[in-house]
Number of protein chains: 2
Amino acid sequence: MVKKDIVALLRLHGIHPSAQRVAVGEYVLDTEEHPSADEAWSRVKKKFPRISRATVYNTLNLFVKKGLLHSLALAEGKLVFDPKMDRHHHFIDESTGKIYDLPWESLSVSDVDGLHGFEVRQYQVVVRGKKKST
Amino acid sequence: MVKKDIVALLRLHGIHPSAQRVAVGEYVLDTEEHPSADEAWSRVKKKFPRISRATVYNTLNLFVKKGLLHSLALAEGKLVFDPKMDRHHHFIDESTGKIYDLPWESLSVSDVDGLHGFEVRQYQVVVRGKKKST
DNA sequence: GTTCGTGCAAACGGTTTGCAACAAT
DNA sequence: ATTGTTGCAAACCGTTTGCACGAAC
């Protein structure tokens with residue numbers, strides 16, 4: 001994914017592609033990591049030293065509102081962002097705190113729609129443990 | 001669950017049952033709600049007006065450390081506490097933010113142990129939607 | 001009198017907001 | 001000129017911490 005694609009992607013979602021937004025998008029919309037806002041900020045700052053925290057936070061929230069990102073409250077104390085917009089599960093490494101995507105098909109949950117009294121809109125499995133060093 | 005039981009429970013877990021801790025425990029260890037620390041604080045304050053936030057926070061953390069509570073980062077921005085210590089799933093009402101326990105047997109997840117590269121220690125299904133008014 | 005628990009207030013970390021300066025059109 | 005975006009700093013909210021007072025043994 002290159003710069004031009006990010007610009008097009010932002011436009012497609014009704015977001016004016018300012019230089020700062022593109023810089024944030026280039027990192028956060030094309031990563032398998034699950035960066036926190038501050039991680040995104042310090043990362044983007046390398047290439048764009050004058051960008052402010054507020055701009056990064058505002059941009060990330062804008063991306064979430066416009067459907068380019070999900071924000072996750074899986075770890076304690078801070079939100080992380082996930083550009084993978086199709087459904088999937090999450091694995092959290094308890095020793096490192098790192099979050100990994102698990103493909104939707106790698107697990108299957110039965111009886112979700114049979115929950116009486118609850119109208120299910122979405123669900124995911126959250127798995128915790130340790131990633132094998134492989 | 002009455003006061004005496006809480007005292008016994010705390011003792012059983014090596015926690016000195018001070019009046020404040022018992023007051024916190026009476027609420028938070030015997031609820032199906034999933035109170036945040038501040039909710040617990042204001043709730044306990046009704047019966048114990050001079051209790052401080054710090055005491056409530058310290059007490060809750062102590063309970064977690066001693067295995068009487070789980071702390072959950074399911075909702076954005078704050079932790080909530082859950083005295084249900086056996087495994088179960090969670091349903092989050094997206095309009096109210098309320099969290100409900102789902103019995104472990106109400107759902108079943110297949111293939112969790114087949115995740116290659118991951119050593120699974122625990123997992124749960126997190127379901128979001130709307131609770132039916134019923 | 002030593003130990004432990006408490007209350008207060010200050011500090012903290014992550015996030016948000018108000019606002020003035022600045023593009024861009 | 002209007003509209004939208006940025007940077008800065010202050011505010012904010014949930015949580016933790018330092019410390020001196022107080023209760024219990």
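Letters A, B, ... mirror the listed sequences (proteins, then strands); counts begin at 1.
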- Item | Separation of atom NE2 in B/H16 from atom P in C/dG5, rounded to whole Å | 7 Å

- Short side-chain donor-acceptor distance under 3.5 Å, A/H89 and A/D101: no

- Task: Within residues 32-40 of chain B, find the residues that approach DNA chain D with a heavy atom at under 4.0 Å, and present them sorted by residue number.
- Result: B/A37

- Please report, rounded to the nearest Å, how far the P atom of D/dG4 is from the CG atom of A/L10. 17 Å

- Message: If the condition is side-chain contact (heavy atoms from CB on, under 4.5 Å), which residues does A/P103 pass it with, not counting sequence neighbours?
- Response: A/E105, A/S106

- Residues in contact with DNA chain D, drawn from residues 56-73 of chain A - heavy-atom cutoff 4.0 Å: none

- Item | Residues forming a salt bridge (charged side-chain N to carboxylate O under 4.0 Å, His left out) with A/D38, sequence neighbours excluded | A/R53

- Not counting sequence neighbours, list each pair that qualifies as a ring pair (Phe, Tyr, Trp, His ring centres under 6.0 Å) and has a residue in residues 14-73 of chain B. B/H34-B/H90

- Task: Output the residues of residues 42-55 of chain A in contact with DNA chain C, where contact means a heavy atom of the residue under 4.0 Å from an atom of the strand; sort by number or write none.
- Result: A/R53, A/A54

- Using the test salt bridge (charged side-chain N to carboxylate O under 4.0 Å, His left out), find all partners of B/R121 that sit at least two apart in sequence or belong to another chain. A/E94, B/E119

- Check whether any side-chain nitrogen or oxygen of B/S18 sits under 4.0 Å from OP1 or OP2 of D/dA23, and answer yes or no. no

- Residues two or more places apart in sequence or in another chain: which of them pass salt bridge (charged side-chain N to carboxylate O under 4.0 Å, His left out) with B/K45? none

- Integer-rounded Å distance: C/dA21 P and A/Q20 CD: 19 Å

- Item | Linked hydrophobic residues, B/L74 as query - side chain contacts closer than 4.5 Å | A/L72, A/L74, A/V80, A/I92, A/I99, A/V126, B/L72, B/V80, B/I92, B/I99, B/V126

- All side chain to side chain donor-acceptor pair (under 3.5 Å) counterparts of A/R128, not counting sequence neighbours: none

- Query: salt bridge (charged side-chain N to carboxylate O under 4.0 Å, His left out) with B/K66: which residues, sequence neighbours excluded?
  - Reply: none

- Query: Among all residues two or more places apart in sequence or in another chain, which pass the side chain to side chain donor-acceptor pair (under 3.5 Å) test with A/E32?
  - Reply: none

